[in-house]
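Report on one structure; see the data block that follows.
Numbers for residues simply follow the sequence, beginning at 1. Just so we're clear, the structure is a prediction, and the values are computed from it rather than from any experiment.
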Amino acid sequence: MANVTIGTRPVGSIVKIKVDGTLRDFIIVHQGKPSSMYDESCNGTWLLMEDIYEKRQWNSSNVHSYANSTIHSYLNSTFLNLIDANLQTQIKQAKIPYCPHGGGMTVYSGANGLSVKIFLLSGYEVGFTSSNVRYGQFLPQDGTKLSFFQESIGTSEKIAHFKGVAEYWSLRTPYLYDQQAPWGVNSYGVAASMFCSASGGIRPALILPSTLLVSEDGAVIANTAPSTPGSIIIPASIQGGTSVAVSWSASTDEQGNLEGYVVERSVNGGTNWTQIYQGSALSTANTVPFGAQSVMYRVKAYDSEGLSSGWRTSGAVTVVNNVAPSAPAGITLPEAVLGGQPLAIAWGAATDSDGNLSAYHLERSVDGSAWAEIYSGPDQNFTDSITKGWRTVAYRVRAADGLGAFGGYAASPVREVDNNTAPVINCAQTGDLGEKTAGFTVSYHVSDEENDAVAVTEILDGTPKRTFQAGEGANSFAVTGETFMKLSNGPHAMLIQASDGKITATHELSFSKRVTSASVTLAEPMEAGEAITLCALSVSGSIPADAAFQVEVTNNAKDPAPVWEDCTTAVRNGLNHIFTNQTATNGAAFNFRVTAERGGSGQGGYFTSIQGGFQ
């Protein structure tokens, strides 16, 4: 059978304690605190030596004052020292109920009881009462019946032997009828008395912690101190004025009565120690005083019976007395936060008296959740991506210095997230459309997930050209006719913007106009009632000298093959042109054709007006 705690052994069982080098049998007469009249120090396993150990005077004079008796002094000095040394310290220092000499039936109990380690049992503890003892009015109630004994006289469990013969044994209770005698138990288990100076049998009683172990042969094993914790861990770098974590490994205890740990701290050298923690945990937090040069910690374990292990001491760590940065000077973000869109956050600068500010740390909370860091670095701004579907978002930022000290937070308001979806511009053409030598159109289609009304604006070189309400069909951005003609050669930008009133989507295009020649004619000829014989034209604008410039006119413009006559010289010189053609099958009709092409210089030109008449 393995070792068991004495508190689990049944009342009436025998355990062994070494007294004067010899194992003696002790009866377990009670487990726990007998009643409320006992002090908490009496809560344990009560033992009574099974046989009478010896015969000895109760008191050297016939005065029955137990607190001042010879037997009380002897039991708690000479006899106590006969018990194995390892066990002596484990015997509980208990406060037992007692009746003082001359005190009549008065009993001192609880915290006012008599402090003892070894003692004699009382009359009530062995089961005697005022009602079952002759002259019971002289039996004070200085205790409560212990579980092992019966409430009657002459019972076998009250009989004790000395050298094999049943003998009288003494109790601590005074016999109030005769102040020269205490009560005792005779060889028949009956309450009796004997003069204090006479030699009565002595059966020592004591109380042990219920956590002590009992071996297979019944021997009580003395309590031993817990093992020293195997390690103690503190940070390698410590900032003055901050809280540090101190942790240690668990101790072991053979009796299983490990109760906790004591942790102490020493500042600047290890001479003076201050307790910072006591309890059962394996870690604690401690704030290191700002200004301390170094700090070290130590820990020891203790058990429920007051035994402690040795100390486990940490190394000394130099304390860095760095001042943390200030909180940043505010944090700002837009009032409108849109799901699925970027969000720009900015914050003011923090200050640091040590001049070693190193970074800002930005944290975000979504829908009231825990804070999570999303940026760390030297910048004072950050663009976040807002996930569509978030309900709320908030930000806070703090500064850190090069030694890892953090300042306070600057916090933003909580913003609601608008999860409206931006309109979509579906356009097959993207980016640079290349060179354009003539007018062109770009087809596109606009849609909106929420079916909101969408306003579309077409912008050319920064100037809005058309704004309309988007429909379900296709749209065309037209850069044609006069619009194209008025553009200068070179790069141009096109923007298509679609807004649902909350979010604006933009589609960007670009192109380069490259036109080196131009031709102008009337879309419809000008009819005449009679034959056309002459005309006069003037062309205004800027036409470079090396440009290939030509002006042509016709007086039968409605015929299938009009006759075109060159009148460039006449135009240049401001003269009339006389037509040589005299045929007009489909009737007289006038038209002109003005063309110009860039010359070798590469210089561009333009027409501003063409005016004239015919007859």
Side-chain angles (χ1 to χ4, degrees), residues 327-350 357-400 406-433 442 444-464 467 470 475 477 493-510:
I331 181 171
T332 59
L333 62 155
E335 291 284 343
V337 179
L338 305 177
Q341 298 294 312
L343 182 72
I345 305 113
W347 52 90
L357 190 148
S358 64
Y360 295 95
H361 294 258
L362 179 67
E363 300 175 7
R364 178 183 66 202
S365 174
V366 176
D367 297 339
S369 63
W371 294 97
E373 185 172 284
I374 60 172
Y375 168 78
S376 63
D379 296 337
Q380 289 176 237
N381 57 79
F382 178 75
T383 299
D384 194 15
S385 295
I386 306 300
T387 299
K388 189 175 177 64
W390 289 352
R391 297 187 301 276
T392 62
V393 68
Y395 297 87
R396 66 182 187 181
V397 64
R398 59 178 176 169
F406 286 91
Y409 284 101
S412 77
V414 177
R415 294 279 197 251
E416 292 188 359
V417 177
D418 183 349
N419 287 293
N420 176 62
T421 302
V424 176
I425 301 172
N426 296 292
C427 182
Q429 294 176 282
T430 60
D432 188 3
L433 303 180
V442 174
Y444 62 93
H445 176 78
V446 175
S447 61
D448 185 78
E449 184 176 317
E450 288 84 19
N451 293 319
D452 292 332
V454 177
V456 179
T457 300
E458 297 171 348
I459 301 171
L460 180 60
D461 291 335
T463 301
T467 298
N475 305 286
F477 191 157
M494 301 170 64
L495 289 181
I496 305 171
Q497 292 184 339
S499 174
D500 63 1
K502 303 167 188 175
I503 307 176
T504 299
T506 300
H507 187 72
E508 298 183 9
L509 299 168
S510 65

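Nearest heavy-atom pair across D367 and R391 is OD1-N, 2.8 Å. Contact between L343 and A336 at its shortest, heavy atoms only, is CD1-O, 4.1 Å. Here the closest non-hydrogen pair linking A498 and P423 is O-CG, 3.6 Å. Across all their heavy atoms, N426 and S447 have their closest contact at ND2-OG, 3.8 Å. Between L357 and A399, the shortest heavy-atom contact is CD1-CB, 4.0 Å. Between G348 and P328, the shortest heavy-atom distance links the atoms O-CB, 3.3 Å.
Shown here are the side chain to side chain contact (heavy atoms under 4.5 Å, CB included) partners of S510, two or more places apart in sequence or in another chain: D432. In this structure D384 satisfies the salt bridge (charged side-chain N to carboxylate O under 4.0 Å, His left out) test together with R364, sequence neighbours excluded.
A side-chain contact (heavy atoms from CB on, under 4.5 Å) with H507 is found for exactly one of T430, V424, V442, V446, namely T430. Between L362 and the options I374, D379, N381, a side-chain contact (heavy atoms from CB on, under 4.5 Å) holds for only I374. Looking at E450, Q341, K502 one by one, the single match for side-chain hydrogen bond (donor to acceptor under 3.5 Å, both in side chains) with T421 turns out to be E450.
For S358 (side chain) and A400 (main-chain N/O), a donor-acceptor pair under 3.5 Å exists by modelled atom type. Between the side chain of D461 and the backbone N or O of A493, at least one donor-acceptor pair lies under 3.5 Å. The main-chain N or O of A346 is never found under 3.5 Å from a side-chain atom of Q380 such that the two would form a donor-acceptor pair. Between the side chain of N475 and the backbone N or O of H445, no donor-acceptor pair lies under 3.5 Å. In this structure a side-chain-to-backbone donor-acceptor pair under 3.5 Å is present from N419 to G389. Not one N or O on the side chain of T392 forms a donor-acceptor pair closer than 3.5 Å with the backbone of V414.
Taking CD1 from I503 and CG from N420, the interatomic distance works out to 4.5 Å, rounded to the nearest 0.5 Å. Once rounded to the nearest 0.5 Å, the distance linking CG of L509 with CD1 of I459 reads 12.0 Å. Taking CD from E335 and CD from E416, the interatomic distance works out to 11.5 Å, rounded to the nearest 0.5 Å. To the nearest 0.5 Å, the span separating CD on E449 from NZ on K388 amounts to 5.5 Å. The CD1 atom of I331 sits 11.5 Å away from atom OH of Y409, with the distance rounded to the nearest 0.5 Å. Atom OG of residue S412 and atom CD of residue E363 lie 11.5 Å apart, to the nearest 0.5 angstrom.
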- Give the C-alpha distance, both sets of side-chain angles, the deciding distance and a yes or no for side-chain contact (heavy atoms from CB on, under 4.5 Å) between I386 and L338. CA-CA 7 Å; I386 306 300; L338 305 177; over 6 Å; no
- Audit row: M494, L433, side-chain contact (heavy atoms from CB on, under 4.5 Å) steps and yes/no: CA-CA 10 Å; M494 301 170 64; L433 303 180; 4.3 Å; yes
- Would you check, one step at a time, whether the test side-chain contact (heavy atoms from CB on, under 4.5 Å) holds for Y444 with E458? CA-CA 11 Å; Y444 62 93; E458 297 171 348; 2.6 Å; yes
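In this structure, Y375 and W347 have tilted ring planes: the angle between them lies in the 30° to 60° band.
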